Asks: 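Let me give you the structure first, and then I'll get to my questions.
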There are 2 protein chains.
Amino acid sequence: MDMRKLVGRNFERLRKQKGFTQEKFSEASGFTQQYISGLERGRRNPTIVTLFELATTLGVSHIDLVLPDDDARSDRAKLSKKK
Amino acid sequence: MDMRKLVGRNFERLRKQKGFTQEKFSEASGFTQQYISGLERGRRNPTIVTLFELATTLGVSHIDLVLPDDDARSDRAKLSKKK
DNA sequence: TGGGAATACATACTATAGGAGATAAACCTC
DNA sequence: GAGGTTTATCTCCTATAGTATGTATTCCCA
């Protein structure tokens, strides 16, 4: 269970949904494009403060981390919009 | 909006609900008692990997971070049990 | 009120989060 | 295949996450 990849994959999906390039997102969030790249590729282990800042820039208000059962083969996680 | 305090307060509540002392929890999780203390007092900024390990030790499978509206005065967050 | 259990504080240390800058590699579209 | 744009890789740097150890403090309760 690799939280880095779990967060990276879902972040990338949401970034694209929002129409951000890595560069545009880096300008909006203050993180470097290189950091965003590493994050999406599962090479970064963001802190909760960083996670909050990323979510805020994405316009996401609800971070929902579903930790898979051991017997579940695939990782699952959602970053869902406010109700 | 201080994610450290938000997580710290909710972690402390859940730890007590589960009947752990900081010392017992540190033995179960591999983190030091001192780290747990700092975490609960909002002086630590855990990474997502750390957050996952803490949740796993607590027997929590669903991490739900609700980011308050700007006009909401109080922090809110839930670490909820699996359905 | 004293003594053990639980929590907080202090200091020093190693590993890594995150930044800055340059560049490489893909990925278009013409 | 040239040229722009987007993403990935690399190196070096500082700040801090997390460990280890010791101790202080707070909280009980007999």
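In this text the structure is predicted, and so the values were computed from the model without any measurement. In what follows, every heavy atom counts, from backbone to side chain, and hydrogens, waters and symmetry copies are set aside. In what follows, chains are A, B, ... by sequence order, proteins preceding strands, each numbered from 1.
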Asks: Looking at T57(A) and E53(A), would you say the former's side chain and the latter's main chain have a donor-acceptor pair under 3.5 Å?
Replies: yes

Asks: Starting at atom CD1 of I36(A), determine the distance to atom C1' of dG18(C), rounded to an integer number of angstrom.
Replies: 11 Å

Asks: In Å and rounded to the nearest 0.5 Å, what is the CZ to OG1 distance from R44(A) to T47(B)?
Replies: 12.5 Å

Asks: If you check the T21(A) side chain, which of dG19(C), dT7(D), dT7(C) turns out closest?
Replies: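 Given the options dG19(C), dT7(D), dT7(C), the side chain of T21(A) is closest to dT7(D).
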
Asks: In whole angstroms, how far is the P atom of dT7(C) from the CZ atom of F20(B)?
Replies: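 Whole-Å distance recorded here is 12 Å.
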
Asks: May I ask you to evaluate whether Y35(A) reaches the phosphate of dG18(C), defined as a side-chain N or O under 4.0 Å from OP1 or OP2?
Replies: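 It does, given that an N or O in the side chain of Y35(A) lies less than 4.0 Å from OP1 or OP2 of dG18(C).
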
Asks: Out of dT7(C), dG19(C), dG18(D), which nucleotide sits closest to the side chain of T47(B)?
Replies: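 Out of dT7(C), dG19(C), dG18(D), the nucleotide with an atom closest to T47(B)'s side chain is dG18(D).
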
Asks: Restricting to nitrogen or oxygen on both sides, can you table the protein-nucleotides 9-16 of chain C pairs closer than 3.5 Å?
Replies:
| unit_1 | atom_1 | unit_2 | atom_2 | d |
| --- | --- | --- | --- | --- |
| dC9(C) | OP2 | R41(B) | NE | 2.9 |
| dC9(C) | OP2 | R43(B) | NH1 | 3.2 |

Asks: Round to the nearest Å and state the distance from L39(A) atom CG to dG18(C) atom P.
Replies: 9 Å

Asks: Ignoring backbone atoms, test whether T50(A) places a side-chain nitrogen or oxygen under 4.0 Å from the OP1 or OP2 oxygen of dG18(C).
Replies: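 Answer yes for this pair, as a side-chain N or O of T50(A) is under 4.0 Å from OP1 or OP2.
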
Asks: Please report the interatomic distance CG(D64(A)) to CG(D64(B)), rounded to the nearest 0.5 Å.
Replies: 4.5 Å

Asks: Please report, rounded to the nearest Å, how far the P atom of dA26(C) is from the CD atom of Q22(A).
Replies: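 Atom CD in Q22(A) sits about 15 Å away from atom P in dA26(C).
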
Asks: In whole angstrom, what separates K24(A)'s NZ from dT6(D)'s P?
Replies: 7 Å

Asks: Rounded to the nearest 0.5 Å, how far apart are CD1 of I63(B) and CG of N10(B)?
Replies: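 If we round to the nearest 0.5 Å, I63(B):CD1 and N10(B):CG are 11.5 Å apart.
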
Asks: Nearest 0.5 angstrom please: L39(A) CG to L54(A) CG, how far?
Replies: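 Here the rounded value is 6.0 Å.
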
Asks: Could you pull out all residues at least two apart from R43(B) that satisfy side-chain contact (heavy atoms from CB on, under 4.5 Å)?
Replies: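 For R43(B), the residues satisfying side-chain contact (heavy atoms from CB on, under 4.5 Å) (neighbours in sequence not counted) are R41(B).
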
Asks: What residues form a side-chain contact (heavy atoms from CB on, under 4.5 Å) with E40(B), not counting sequence neighbours?
Replies: F11(B), E12(B), R15(B), Q22(B), I36(B)

Asks: Separation of F25(B) atom CZ from dG18(D) atom P, in whole Å?
Replies: 13 Å

Asks: Identify which nucleotide among dA8(C), dT19(D), dG19(C) has an atom closest to any side-chain atom of F31(B), counting heavy atoms from C-beta outward.
Replies: dT19(D)

Asks: What's the CG-C1' distance between L51(B) and dG18(D), to the nearest Å?
Replies: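 These atoms are roughly 15 Å apart.
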
Asks: Looking across every strand, which nucleic acid part, if any, lies under 4.0 Å from R4(B) by heavy atom: base, sugar-phosphate, or nothing?
Replies: nothing

Asks: What is the separation between atom CD on E53(B) and atom P on dA17(D), rounded to the nearest whole Å?
Replies: 16 Å

